[in-house]
Number of protein chains: 2
Amino acid sequence: MSGLSIGQVADRTGLSVHTLRFYERQGLLTQPVRRGSAGHRVYSEDDVDWLGVCIRLRASGMPLTDIRRYTDLVRAGQGNEVERLEVLREHRERVLAQMHELDECLQLITHKVAVYEGRLGLRDNVTDCALP
Amino acid sequence: MSGLSIGQVADRTGLSVHTLRFYERQGLLTQPVRRGSAGHRVYSEDDVDWLGVCIRLRASGMPLTDIRRYTDLVRAGQGNEVERLEVLREHRERVLAQMHELDECLQLITHKVAVYEGRLGLRDNVTDCALP
DNA sequence: GTTTGACCTAGAGTCGGCTCTAGATTCTAC
DNA sequence: GTAGAATCTAGAGCCGACTCTAGGTCAAAC
């Protein structure tokens, strides 16, 4: 219930106060952030929760413009669930593709690591082959 | 054996000719690219293979400066395997961390997708809860 | 009553990673 | 031999996502 200052939200989310203001300007919040006495931002728990979602989406590579589009849909309220679903499904596909790519990279690295360990005698039975 | 033009390498790797020249300037190639008669670049199969490695490393989020550092080690030749190993292991940790993050994001998205599908009646038995 | 620290706005600056331009040269096909 | 495509260099430009600065307000602690 409380109402949190921008500094408190920064502490909780790990975003800087700069970034919090920046995200607000970019329209990443579902409601305009409430203001207290002196025009200071007062964040609700819901705001913080939503920021958590944004952080996850960013961490998974969604560009700010897309997060904004999604936020716009949520802000608009009920009636656009189909569009929201579309955004989410599309992003899920991208995330899956990204995981797949990471996995391929991981195999490459793991292989190289094994080969170097073999070379250095840190490990036996490694079939050494073309490098690098 | 052949020797490939920059255009051919662009086709094969999916990088643009601009990017290929840029990567070269950034020192991402283990050998200076051979030049033909008129000063045109002539890439070897090894160059293309190495570019493939760079592409993988980039795709997994390694910054150009780190790829460059690693390339420098490879270019320097034998004797620095320990350092190469260190670079690779560090990157592997980052990749694993990134996969973990992606997985968490995937769970969030999948959950939201399920809830919206439930709301839209596309699916039954979904325990609807706090959204967005 | 003044100093300290958190906050405000508007706007400028930075950084990574490309991407493009200009102006010149060279190769390829007719 | 000439038009059109591909290449070259050097350097400028762009975009996304922050990050910081300047100049100011305000509350609380000393």
Margin query: Between A/Gln107 and A/His111, is the side chain to side chain donor-acceptor pair (under 3.5 Å) condition met? List the steps.
Written below: CA-CA 6 Å; A/Gln107 284 175 38; A/His111 175 251; over 6 Å; no

Next item on the list: Before accepting this row, confirm whether a basic side-chain N of the pair A/Glu86/A/Arg69 lies closer than 4.0 Å to the acidic partner's carboxylate O.
Entry: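 A salt bridge is absent here (no side-chain N lies under 4.0 Å from a carboxylate O).
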
Next item on the list: May I ask you to say whether A/Asp66 pairs ionically with A/Arg94, meaning some side-chain N is under 4.0 Å from a carboxylate O?
Entry: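 A/Arg94 and A/Asp66: salt-bridged.
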
Note to self: Does the protein touch nucleotides 12-30 of chain D at the base, only the backbone, or not at all? Give it as B, S and - per nucleotide, heavy atoms under 4.0 Å.
What the structure shows: -----SBBBB----S----

Item checked: salt bridge (Lys or Arg N to Asp or Glu O under 4.0 Å) partners for A/Glu81, two or more places apart ->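 For A/Glu81, the residues satisfying salt bridge (Lys or Arg N to Asp or Glu O under 4.0 Å) (neighbours in sequence not counted) are B/Arg119.
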
Next item on the list: Applying salt bridge (Lys or Arg N to Asp or Glu O under 4.0 Å), name anything that partners A/Arg25, two or more places apart in sequence or on another chain.
Entry: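 Partners of A/Arg25 by the salt bridge (Lys or Arg N to Asp or Glu O under 4.0 Å) criterion come out as none, since no residue qualifies.
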
Next item on the list: Would you grab the first and last nucleotide of DNA chain C (5' to 3') that comes under 4.0 Å of any non-hydrogen atom in chain B?
Entry: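 Boundary nucleotides touching chain B, in 5' to 3' order, are C/dG17 to C/dC27.
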
Checklist line | CA sep, side-chain torsions, deciding dist, call: A/Leu85, B/Val113, side-chain contact (heavy atoms from CB on, under 4.5 Å) | finding: CA-CA 6 Å; A/Leu85 200 45; B/Val113 165; 3.9 Å; yes

Item checked: Heavy-atom donor-acceptor pair, B/Asp49 side chain to B/Asp46 backbone, under 3.5 Å ->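 No, the answer is negative, given that no donor and acceptor are paired below the 3.5 Å cut-off.
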
Notebook entry, point to check: If only atom types and distance count, is the side chain of A/Asp11 paired as donor or acceptor with the main-chain N or O of A/Gln8 below 3.5 Å?
Noted result: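 Side chain of A/Asp11 to backbone of A/Gln8, a donor-acceptor pair under 3.5 Å: no, none is there.
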
Item checked: Nearest-angstrom distance from the residue atom CG of B/Leu20 to P of D/dA6 ->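 From B/Leu20 CG to D/dA6 P: 15 Å.
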
Check: Which of residues 6-14 of chain A sit near DNA chain C, with a heavy atom under 4.0 Å from it?
Finding: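 Result for residues 6-14 of chain A: A/Ile6, A/Gly7, sorted by number.
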
Item checked: Working for side-chain contact (heavy atoms from CB on, under 4.5 Å), residues B/Tyr23 and B/Thr19 -> CA-CA 6 Å; B/Tyr23 277 9; B/Thr19 302; 3.7 Å; yes

Notebook entry, point to check: Looking at residues at least two apart in the chain, or sitting in another chain, which of them share a side chain to side chain donor-acceptor pair (under 3.5 Å) with A/Asp72?
Noted result: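 Counting only residues at least two positions away or on another chain, A/Asp72 forms a side chain to side chain donor-acceptor pair (under 3.5 Å) with A/Arg75.
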
